[in-house]
Amino acid sequence: MSLPVRAIRPVQAASRMQLQRIASRVGMLIPTSRRLLASVSVSAPSAPFTTHAARFSAAAAPDASAPTQSMTLVERRDGVGIITLNRPKALNALCNALITELNAQLQALDKDESIGCIIITGSEKAFAAGADIKEMKDQTFITAYRSNMLAFWHDVTRIRKPIIAAVNGYALGGGCELAMMCDIIIAGDKARFAQPEILLGTIPGCGGTQRLTRVVGKSKAMEWCLTGEQFSAEVAEKAGLVSRVVPAAQLLDEAVKTASKIASMSKPIVTLVKDAVNASYETTLEQGILFERRLFYSTFATADQKEGMSAFVEKRKAQFKDE
Ligand code: CAA
């Protein structure tokens with residue numbers, strides 16, 4: 001059964017700045033005329049993204065049967081932006097074009113004031129089966145180094161709104177790494193995780209050895225990265241990699257419930273929470289606590305703090321205005 005994706009519609013054309021950023025990443029010249037810019041659609045990245053992909057390998061094109069089909073579908077529901085990875089024939093293998101498109105969609109949702117939380121999901125069979133092996137296989141050290149291969153995946157972590165990875169099926173290699181770049185992972189009970197790069201004669205290249213180790217500890221991360229073995233959603237939950245496991249068929253609805261709860265909070269305060277939790281990965285405990293306390297003080301400059309605490313005292317539901 002496929003996931004219930006309703007009323008799918010493409011994200012509106014990206015801003016000029018977004019397009020320029022994407023263009024500079026893919027080494028493309030974007031025309032300055034507004035009319036020409038408007039003709040470049042982020043949600044249907046056929047020619048520009050194919051050009052970028054083709055530079056790496058002919059196999060880099062989207063599914064050959066549907067070269068102009070968008071590789072991400074976007075839906076908005078209850079203040080939540082849902083991005084569905086849509087490259088089913090390749091089990092959502094994360095080619096350059098797909099990640100470029102994903103980043104553009106994320107940036108558009110990050111700027112959309114009606115959206116308070118974002119979900120990235122895949123299909124019932126695969127969240128994502130990893131970076132695109134066919135696209136990568138002929139790389140040399142020099143081409144990888146010169147192109148700063150895969151570095152732009154990291155843009156996912158620059159999104160300020162919380163991102164939930166809703167994982168059904170395979171989350172392997174880059175798929176597991178993409179999920180770990182998100183802020184919360186909710187897994188369907190049949191999800192399978194792994195860092196199988198060692199079986200391909202390589203190592204994780206998008207944070208697998210780093211984020212997995214921080215989350216599950218050295219012994220488990222070492223075993224999983226050294227053997228490439230898959231592990232279940234249940235094991236992932238016990239190890240602290242996923243926040244909870246739900247029946248596969250209810251995954252998206254459960255993720256939307258959590259996301260819309262987050263979206264109902266004050267948006268600036270949500271961003272401060274995300275910043276504070278993320279800081280715990282980057283700093284010492286003492287510096288992290290100092291950072292948290294400064295952010296805590298800063299909330300007292302917001303109208304939403306006044307509203308939240310007044311509502312508690314007055315025994316009513318807070319009405320946040322994102323101010
Ligand atoms: N890259 C490119 N294509 C992929 C792919 C990947 N990572 N994973 C699956 N596919 C393609 C297959 O080649 C196949 O395409 P064709 O029909 O054209 O042959 C299609 O998706 C379906 O795959 P399978 O026939 O293999 O499906 P399956 O159900 O038998 O097996 C699977 C599913 C266990 C996920 C298997 O496809 C698999 O092992 N995939 C590779 C997983 C992997 O090694 N991921 C790590 C990639 S490296 C990486 O991610 C590096 C990094 O750190 C960024």
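Note that ligands are numbered from 1 as they come in the structure, with each ligand's atoms numbered from 1 the same way. Values in this document were obtained by computation on a predicted structure and should not be read as measured data.
At a threshold of 4.0 Å, the pair Glu307-Arg316 counts as salt-bridged, since one of the basic side-chain nitrogens sits closer than that to a carboxylate oxygen. In summary, Glu254 and Lys257 engage in a salt bridge, as defined by a charged side-chain N under 4.0 Å from a carboxylate O.
Side-chain contact of Gln139 with Thr143: a donor-acceptor pair under 3.5 Å is present, judged by distance alone. Using modelled atom types, one finds a donor on one side chain and an acceptor on the other under 3.5 Å when comparing Glu101 with Ser70.
Contact annotation: Lys89 has at least one heavy atom less than 4.0 Å from an atom of ligand 1. Note on ligand 1: Gly208 sits outside its first shell, no heavy atom being nearer than 4.0 Å.
For atom 16 (P) of ligand 1, the nearest non-hydrogen atom from the set Met136, Lys134, Lys125 belongs to Lys134. Summarising the contacts of atom 43 (C) of ligand 1 with Gly173, Gly130, Ala129, the nearest heavy atom is found in Ala129. Of the candidates Ala128, Ala194, Gly169, Ala131, the one placing a heavy atom closest to atom 7 (N) of ligand 1 is Ala131. Among Thr209, Leu178, Asn92, Asp132, the residue whose heavy atom lies closest to atom 2 (C) of ligand 1 is Asp132.
Some N or O of Glu197 is nearer than 3.5 Å to an N or O of ligand 1, by distance alone. When only interatomic distances are considered, the shortest N/O to N/O separation between Tyr170 and ligand 1 does not fall below 3.5 Å. The N/O atoms of Leu150, backbone and side chain alike, include none that comes under 3.5 Å of an N/O atom in ligand 1.
Nearest to atom 5 (C) of ligand 1 among the protein's heavy atoms is Ala93 CB, 3.9 Å. Of the protein's non-hydrogen atoms, the one nearest atom 10 (N) of ligand 1 is Ala90 O, 3.8 Å. Looking at atom 54 (C) of ligand 1, its nearest protein heavy atom turns out to be Glu177 OE1, 3.4 Å. Nearest to atom 23 (O) of ligand 1 among the protein's heavy atoms is Leu91 CD1, 3.6 Å. Residue, atom and distance of the protein heavy atom nearest to atom 48 (S) of ligand 1 are Leu200 CD1, 3.6 Å. In this structure, atom 1 (N) of ligand 1 lies nearest to the protein heavy atom Ile133 N, 2.9 Å.
Residue contacts with ligand 1 for Thr202 are absent, since no atom lies close enough (heavy atoms, distance under 4.0 Å).
The contact set between ligand 1 and Gly205, taken as ligand atoms under 4.0 Å from a residue heavy atom, comprises 52 (C), 53 (O). Listed by atom number, the atoms of ligand 1 under 4.0 Å from Leu172 heavy atoms are 35 (C), 42 (C).
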Intermediate values then yes/no, side-chain hydrogen bond (donor to acceptor under 3.5 Å, both in side chains), Ser260 and Asp78 = CA-CA 6 Å; Ser260 56; Asp78 298 334; 4.8 Å; no
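Annotation for Tyr145: atom OH does not count as buried by contact number, only 12 or fewer foreign heavy atoms lying within 6.0 Å.
Under the 4.0 angstrom criterion, atom 45 (N) of ligand 1 counts as having a protein heavy-atom contact.
Taking CD from Glu237 and OG from Ser243, the interatomic distance works out to 8.0 Å, rounded to the nearest 0.5 Å. To the nearest 0.5 Å, atoms CD (Gln305) and CZ (Phe320) are separated by 10.0 Å.
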